[in-house]
Amino acid sequence: MCRRTRGSGPTLESPRCPHLHPLMPDSPVRVRFAPSPTGFLHVGGARTAIYNDLLAQKLGGVNILRIEDTDRRRSDEAMTRQIEDALRWIGVEWDEGPYLQSERLDRHLERAHQLLAEGRAYRAYETPDELDAERARLQKVGETFRYREGRSPLAADEIASRADAGAPFAVRFRMPSEPIRFVDLVRGEVEFLPEVFDDFILLRSDGSPTYHMSVVTDDIDMAVTHVIRGEDHLSNTPKHIALFERLGATVPTFAHLPMILGQNRKRLSKRSGAASVEEFRSQGILPQALYNYLALLGWNPGDEREVMSRETLVEAFTTERLNDSAAVFDPEKLAWMNAQYMSTLDLSEILSHAAPFLTAAGIGVADPDYLAAAVDLLRTRAKTLAELSELAATYFEENLAYDPELTAKFRSQEDLAEHLEQLAARYAAVEPFDKEGLERELRALAEALEVKAGQLIHPVRMALTGAKAGPPLFDVVELVGREATARHLANFVAHLRG
RNA sequence: GGCGCGUUCGUCUAGGGGUCUAGGACGCCGGCCUCUCACGCCGGUAACACGGGUUCGAAUCCCGUACGCGCUACCA
């Protein structure tokens, strides 16, 4: 198995392994991400998109976006738009598309009719109900129903008379009778025996193509070289391979990614918590963090790096380090990852991602420098942009409402109000109003009063932010400024005496 | 039921026959830093699903069992 050979061995990236490189060594790598428009982008899909992105970038290939909207009922333009937005937001790029599968209907039909004409497919006259009945019947006897040519539940003369009467028919693909083997980039060699093959449907009796017909047709026409998709398609792969072959096309290389599970160890879904890119976005997760986290969920660079930019991930990416077992999505670790980006990204970047959250928290951008300074002070203290905005909001309050429970211990300190008034007097005069001077004044006052500096620092923090913990106090005072500091101090003194 | 895939700390993972008294990360616990919180730093907790082989030696190779997941549609 090629993928088991590490180091100097043949790999996808060094195309010396014939199994892994069905195409000419110099033919360009073409991958595609083919979501169905369900109204949101699932994180499992997002991860698939990321690996496609990474591989295309790594190999200088082409990434294609194709919307599998053949199920008309749940497809519309807005949903397609939603997927594009989500991909763009998370940082996945594509070079071609989006193609809409529904717009390629003629082509799917053409190829299906070609197969029919060539005798690689045939007409089948059973109705879905009849097939269901047959399945149920065999089920009872402990057998499995598999549709192969000549094994119809219908009598031969019945089929003939339906055909003569021009009855509607489905078009079924004639599956080969040899085993189908392939080397999956993630799982190694996989084999399916002909005993389990079904002559599956290419065209429904209403003439519409099925998913299998459409995907393979599109993958051929789009010259896709590597199909990276979810494990749920592994069992469909023999069907697809047979179609590629009968259609005279080169079979692409497959990579089937394991599922992403929720905390409940079931496939991640809305029930098991946030499951879509949009949800994380609205929670205030940074796109870089989600991209990074998802890339690491099922892949690792082989060393101990974890926080990695897209560029670094591209440089480090190899399909041979893709994992083959399902992974549980861990929101805690995502939060940590996000915090990493919150504290290291350029402030301007944080600011632009935070803007909608800031607005939602009622924070205006009247003074961009003030906003930036506040965000900079708080960025290491928030795990999400939503938290950040919440924390920042108090820095924009005209007057703060103090929580009696939090201020109880200050109110029981007899001299505190008096001390704070003295501090306020010093702060009114200090020049310049910067943290060094502010600290000097406070410590000098503490010494004169014969109290510990903390005895003043903590109540001042409460006065200015309404919280018992937060950024270093003198940074806060400097930021808040002379005027607001005086106002908050006065309010707090009143609160203490009230 | 059939077929396919999987199983290392709670979670993400490293591991490719001896270097494994199993490494890293998240979480958790403790400490340092410190005006508090957070960041950061230091330390601790915790795992090879089970049973058989093969081998001088197995987390690693083989077989089986258990469990989980996927597919088994005129869904995609």
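Naming convention: chains lettered A, B, ... in sequence-line order (proteins, then strands); numbering from 1 in each chain. Below, all heavy atoms of this structure are taken into account, side chains as well, without hydrogens, waters or symmetry copies.
- The listed nucleotides are rA76(B), rC74(B), rA14(B); the one nearest the side chain of Arg321(A) is rA14(B).
- The closest side-chain heavy-atom distance from Ile285(A) to Thr384(A) is below 4.5 Å.
- Comparing the same atom, P, in rG15(B) and in rU7(B) gives a spacing of 13 Å after rounding to whole Å.
- Spacing between atom CD of Glu231(A) and atom P of rC5(B) amounts to 10 Å, rounded to whole angstrom units.
- Base contact: Asn236(A) has a heavy atom under 4.0 Å from a base atom.
- Look at the C1' atom in both rU60(B) and rG16(B): the space between them is 6 Å, to the nearest Å.
- Arg172(A) comes within contact range of the sugar-phosphate backbone alone, with a heavy-atom separation under 4.0 Å but no base atom that close.
- If you run side-chain contact (heavy atoms from CB on, under 4.5 Å) between Asp219(A) and each of Val251(A), Ile64(A), Val227(A), only Val227(A) comes through.
- Between Asp206(A) and Arg461(A), the residue anchored closer to the 5' end of RNA chain B is Arg461(A), taking for each the nucleotide with the nearest heavy atom.
- Here His233(A) lies in heavy-atom contact (under 4.0 Å) with a base.
- In this structure His495(A) satisfies the side chain to side chain donor-acceptor pair (under 3.5 Å) test together with Thr407(A), sequence neighbours excluded.
- The interatomic distance linking Glu191(A) (CD) with rC5(B) (C1') rounds to 14 Å, in whole Å.
- Side-chain contact of Asp206(A) with Ser208(A): a donor-acceptor pair under 3.5 Å is present, judged by distance alone.
- Scanning residues 140-148 of chain A for heavy-atom distances under 4.0 Å to RNA chain B yields Thr144(A), Arg146(A).
- Here the two rings, on Tyr211(A) and His233(A), have centers that are under 6.0 Å apart.
- Each of rA76(B), rG6(B), rC71(B) was ranked by its minimum atom distance to the side chain of Tyr211(A); first place goes to rA76(B).
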Return all side-chain donor-acceptor pairs below 3.5 angstrom for residues 446-464 of chain A, not counting sequence neighbours, or 'none' if the list is empty.
residue   : atom : partner   : partner atom : Å
Arg461(A) : NH2  : Pro471(A) : O            : 3.1

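- One can place NE2 of His240(A) at 13 Å from P of rC71(B), the figure rounded to the nearest angstrom.
- A donor atom on one side chain and an acceptor atom on the other are not found under 3.5 Å apart for Ser177(A) and Arg148(A).
- In this structure, the side chains of Met213(A) and Val171(A) stay at 4.5 Å or more apart for every pair of heavy atoms.
- Of the candidate nucleotides rG4(B), rG70(B), rC35(B), rG70(B) has the atom lying nearest to any side-chain atom of Asp232(A).
- At the heavy-atom level, Thr127(A) lies under 4.0 Å from base atoms of the strands shown.
- In this model, no donor atom of one side chain and acceptor atom of the other lie less than 3.5 Å apart for Ser214(A) and Glu68(A).
- At least one side-chain heavy atom of His488(A) sits under 4.5 Å from a side-chain heavy atom of Tyr402(A).
- Between the side chain of Glu126(A) and the backbone N or O of Leu131(A), no donor-acceptor pair lies under 3.5 Å.
- The same atom, P, is picked in rA58(B) and in rC69(B); the two are 33 Å apart, to the nearest Å.
- Distance from the side chain of Val190(A) is smallest to rG4(B) among rU72(B), rA76(B), rG4(B).
- Within the nucleic acid shown, Lys452(A) has no heavy atom closer than 4.0 Å to any nucleic acid atom.
- Atom C1' of rA47(B) sits at a distance of 15 Å from the matching atom of rU21(B), rounded to the whole Å.
- Note on Gly470(A): a base of the nucleic acid sits closer than 4.0 angstrom, heavy atoms only.
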Any protein N or O atoms within reach of nucleotides 39-43 of chain B? Criterion: under 3.5 Å, listing atom names and distances.
residue : atom : partner   : partner atom : Å
rG40(B) : OP1  : Gln340(A) : NE2          : 3.3

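- Only the P atoms considered, rA38(B) is 12 Å distant from rG27(B), to the nearest whole Å.
- Comparing rC26(B), rC35(B), rU7(B) by their nearest atom to the side chain of His458(A) picks out rC35(B).
- Considering only side-chain atoms of Thr210(A), the nucleotide from rC5(B), rU36(B), rA76(B) that sits closest is rA76(B).
- Contact check for Val307(A) versus Met337(A): side-chain heavy atoms found under the 4.5 Å cut-off.
- Atom C1' of rG17(B) sits at a distance of 46 Å from the matching atom of rC33(B), rounded to the whole Å.
- Nearer the 5' end of RNA chain B, as judged by each residue's closest nucleotide, is the contact made by Pro471(A), out of Met259(A) and Pro471(A).
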Could you list the protein-to-nucleotides 8-12 of chain B atom pairs, N/O on both sides, closer than 3.5 Å?
residue : atom : partner   : partner atom : Å
rU11(B) : OP1  : Arg265(A) : NH2          : 3.1
rC12(B) : OP1  : Val328(A) : N            : 2.8
rC12(B) : O2'  : Leu296(A) : O            : 3.4

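- For the residue pair Asn52(A)/His226(A), the side-chain donor-acceptor check at 3.5 Å is not satisfied.
- Atom CG of Leu442(A) is separated from atom P of rU36(B) by 14 Å (rounded to the nearest Å).
- Residue-level contact check: Pro258(A) touches neither bases nor backbone, having no heavy atom under 4.0 Å from any strand.
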Pairs under 3.5 angstrom only: tabulate donor-acceptor contacts from the side chains of residues 326-334 of chain A to other protein residues two or more places apart or in another chain.
residue   : atom : partner   : partner atom : Å
Asp330(A) : OD1  : Glu332(A) : N            : 3.1
Lys333(A) : NZ   : Glu306(A) : OE1          : 3.3
Lys333(A) : NZ   : Glu306(A) : OE2          : 3.2

